[in-house]
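Accompanying notes for the structure given below.
Basis for what follows: all heavy atoms, side chains included, without hydrogens, waters or symmetry-related copies. Reminder, nothing fancy here: chain letters follow the sequence lines and each chain counts from 1.
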There are 2 protein chains.
Amino acid sequence: MLSNRQLLILQAIINGYIKSAEPVGSRSISQEKSISYSPATIRNEMADLEELGFLEKTHSSSGRVPSEKGYRHYVDHLLLPHHFSKNEVTNMKSLFEQKILEADQAVKHSATILSELTSYVSIVLGPKMFDAKLKSIQVIPLREDAAVAILVTDTGHVENKAVSLPAGLSSSDLEKMVNILNEKLSGVPLYLLEQKMATEITVLMKQHIDNYAEALLFAEDTLKKSSNEKVYYGGKTNLLNQPEFKDITKVKSLYELFEKEDMMHELLKPNKSGLSIRIGQENENAAFEHCSIISATYSFNGRAVGTIGIVGPKRMEYPKVISLIQHISHDLEDILKNLYRTDA
Amino acid sequence: MLSNRQLLILQAIINGYIKSAEPVGSRSISQEKSISYSPATIRNEMADLEELGFLEKTHSSSGRVPSEKGYRHYVDHLLLPHHFSKNEVTNMKSLFEQKILEADQAVKHSATILSELTSYVSIVLGPKMFDAKLKSIQVIPLREDAAVAILVTDTGHVENKAVSLPAGLSSSDLEKMVNILNEKLSGVPLYLLEQKMATEITVLMKQHIDNYAEALLFAEDTLKKSSNEKVYYGGKTNLLNQPEFKDITKVKSLYELFEKEDMMHELLKPNKSGLSIRIGQENENAAFEHCSIISATYSFNGRAVGTIGIVGPKRMEYPKVISLIQHISHDLEDILKNLYRTDA
DNA sequence: TTTAGCACTCCGGTTGTTCGAGTGCTAAAT
DNA sequence: ATTTAGCACTCGAACAACCGGAGTGCTAAA
C-alpha cells in the first residue's frame, strides 16, 4: 500500500507531467506549494514508486514520467474535482440556448463544444433510438423502375433510400402495399419491423395484392435498416498540437482509424453504461496505444443510446475531461428527454 | 523561347523530381534513355533554365528542383499522355458495375476510386441539381409543436428538416396547406420555389386558410433551402505518406482547411467549367501553397453541377491525375445521365 | 559546340566535447 | 529512525569539428 506521502508525490508528478509534457525531477516537485520535503527525500520516494511500477524514467538520469499503472492509480484514487471556469460554463450552456429540433443537431453541437473546451478530439456516437416508433412510411415513384422510400419515426428521424421498383408491380398494388404497411406498422418500434413484416404483413399482402411476391421483396428491401448511427468528430486537428504527436506515423495510424467509422463505432459503442476511462494499452486498438480515451454513454428512456468521448494523449487533463464528459452527457440526456417527451 | 533540348531536359528533371522527391543532378539526367548529352552540357542548360526561372536550387551545390513556373510550363506544354494500367482500368470500371440508384452514391464512390488510384486526397463536390424539380412535399406532425418537413425531388433526392409548428395552425389547415403546396409546386424547379412561393402561393393561402399568416411563415420556413451540397473526401491520410508533409505544421493547416466544408466548397465550386490545374501559390488559400490541385467540373443537362478534384504535393503525377480526373468526370456525367434520364 | 577535367561548395553524418539537469548513495543532522 | 545535505556520476541536448560525397561552375581541350 502506498503511503500518503507517496500518493502526494505521485499526484504532483503526474500533474506536473500533464502540464509540461517533460519528465519531472525531484527539485521541481519539492518546490510545489503543497509539498515540504527536500529533493533528496523525494528522490527516495520516487525510486520506490518506480520500483512499484508507477513511474518510469526515460533514461538513467532523467526525471520521472508516469507509467500507465501510474495514470491508472491517479484516475482511480487521486482525482481532484475540477472547477469549470466562467468561460467553460457559458460555453457549455450554449448547448441549451439554441433552439434544437432534432437530436442530431444536439449531438453535433456537443461534439463541437467538447473539442473546443479541451484541446483533444471529441467523438460522439448516436443516438440510436431503439424505442423510436415508425410514424409514417412513404414510397414516392420517380420513374417506372425506381422510387424513393421514406421512413419517418416519431422522434423526427427521417431515413430515405432509393429503391428499384420491380417491373411486375402495378401502381395500384404499390399504393395498396404502402397503405397496408402504414396501417399495420405505424407505432411499431423500429427494431420490431422486420419481425412484424415476416409474420402479419406477409399474410395480408397475400390476400390483397396480386403480385404479392414482388411486393413482398420490395417491401423488405424498403424496410431493411440501413441505420448505422453516425459518428461525429470535433477538433480532429487538435491532436496535432500535442507534442506527443510530432511524430507523423502516430498521427497517421490514428487518423486512418478515425476514417473507419464502423471500427470507431465498434470501439466506442455503449457497452457497460456510465463512464469509461481507457489508458494507452488498455485500449483495444493499437492505434490508441499512446492515447487515453474517456467516454460516457448517454441514455434515453433508461437505455444507453449513444456515447460521447474524448481522445487525447495519455497525458490528458483527466479531471477536467471527466467532469466535462459527465456534464455534457447529462445535458444531452436532458435535451433528448425534452425533445421526445412522451407527453402521454 | 526554349530550345528543344532545354524542353527535353526540363521535362526529364521534372519527371525525375516527381519520382524521387530529391533534387536531380546533371549526371542522372545524362543517363536518361532519351538523352544523349554529357553531364557538362546538361549543367550548362540547367544553369540557363534556372536563370529563366524554371528551375531552382536548394543550395549552391545541389541538384535542381522545378520552380512553380517550371511546373506550369510542364503541364502546359510538356505533358505526355498517360496510359492506364490494367489494374487502374478495372478499378475505374467498378464505378459502373455497382447498381447505382442515387447520385450521392456515385459521387462518394468516385471519391474513393480517385484516392485509391492516386496517393493523394480526392475531393468531390455536389452534385447540385439545379434542374431538379420538386416531386412531393410532405409535412408529418410529430407532437403538437413540431413536425418534419420532407421534400422529394424528381432526382430522388430527399431533403428533410425538423420544423416547429405554430400554435395557431389547425391540423386541417396544415393539411390544406400541404395540398396547396403540392398542387402548385410539384414540377417546379427548386431554385424557383421561393419565388413562386412569394407570388402565387401567398394569394392562394390567403383564400383558403384561416390562419394564413402563420401558415405562410411556416411554409416559408419549410421550404427555405438548406441544401449546401456535400463535400466528400477520399484518402485524407494519403498525404501523410508524401515526404513534403513530414512537417506537421503543413499538415495541420491543410487538415484544418479540409474541415471547413464551406471554405472548401468556395475554393472548388464550379466556375469556369472544364479542367483546372492550380500549382502552389496559384491556389487562393495559403494552406495550399505546397500543393497542387487538379479539378474538373462535371455536368448534367449542359450545366456544371459539381466538381471532382485531387489535392497532392506540387510534385504530383500530373499526366496520370489529369487523365484520371477527366475520365472519372465523364463517367460521372454518364451515370447521372442514365440515372435521371428525362424519359419523356 | 560539346565535353573532360578539376577546383570548389555545401549537406549530412559521425565524432568529440561541454553543460546542465537529474539521479543514487553516503554520511551528517534532526 | 527519518530526513537532508553533499557529492560523484550519468545521460542527453547542443554545439563544434571533421569528413565524404554529390553536385556545381568554369576552363580548356576535342
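Between A:S61 and D:dC11, a side-chain N or O to OP1/OP2 separation shorter than 4.0 Å is absent. The side chain of A:R64 places an N or O atom within less than 4.0 Å of a non-bridging phosphate oxygen (OP1 or OP2) of C:dT23. For the OP1/OP2 pair of D:dT3 and a distance below 4.0 Å, the side-chain nitrogens and oxygens of A:R5 include at least one atom meeting the criterion.
Atom-to-atom, CD of A:E56 to P of C:dT23 comes out at 15 Å; the value is rounded to the nearest Å. Atom P of nucleotide C:dG22 and atom NZ of A:K57 are separated by 13 Å, given to the nearest angstrom. For the pair A:Y37 OH and D:dA5 P, the computed distance is 14 Å after rounding to whole Å. Protein atom CD1 of B:I35 is 12 Å distant from nucleotide atom P of C:dT3, rounded to whole Å. The CD1 atom of A:I29 sits 18 Å away from the C1' atom of D:dT4 (whole-angstrom rounding). If you take NE2 of A:H59 and P of C:dA21, they are 13 Å apart, rounded to a whole angstrom. Straight-line distance from the CG atom of B:N44 to the P atom of D:dG25: 8 Å, rounded to whole Å. Taking atom CD on B:E51 and atom C1' on D:dG25, their separation rounds to 13 Å, with Å as the unit.
With a cut-off of 3.5 Å on both pairing distances, the Watson-Crick or G-U wobble partner of D:dA1 is C:dT30. C:dT15 is paired with D:dA16 under the Watson-Crick or G-U wobble criterion, all donor-acceptor distances under 3.5 Å. Of the nucleotides present, D:dA28 is the one that pairs with C:dT3 by Watson-Crick or G-U wobble criteria, both distances under 3.5 Å.
Cation-pi contact between B:R5 and B:Y37: present, with separation from the ring centre below 6.0 Å and deviation from the ring axis of at most 45°.
Contact annotation for A:S26: backbone-only contact, meaning every heavy-atom pair under 4.0 Å involves sugar-phosphate atoms and none involves a base. Residue contacts shown for A:T41 include a base, since a base heavy atom lies under 4.0 Å away.
Residue A:E51 places its CD atom among 12 or fewer non-hydrogen atoms of other residues, nucleotides or ligands, all under 6.0 Å distant. With a 6.0 Å radius and a threshold of 12 heavy atoms from other residues, nucleotides or ligands, B:M92 has its CE atom above the threshold.
The closest side-chain donor-acceptor pair between B:N87 and B:S85, if any, does not fall under 3.5 angstrom.
At distances below 3.5 Å, not a single donor-acceptor pair connects side-chain atoms of A:Q242 with backbone N or O atoms of A:P313.
Among the nucleotides C:dC11, D:dG25, C:dG24, the one closest to the side chain of A:A47 is C:dG24.
The 5' end of DNA chain C is approached more closely, in terms of each residue's nearest nucleotide, by B:R43 than by the other of B:R43 and B:S60.
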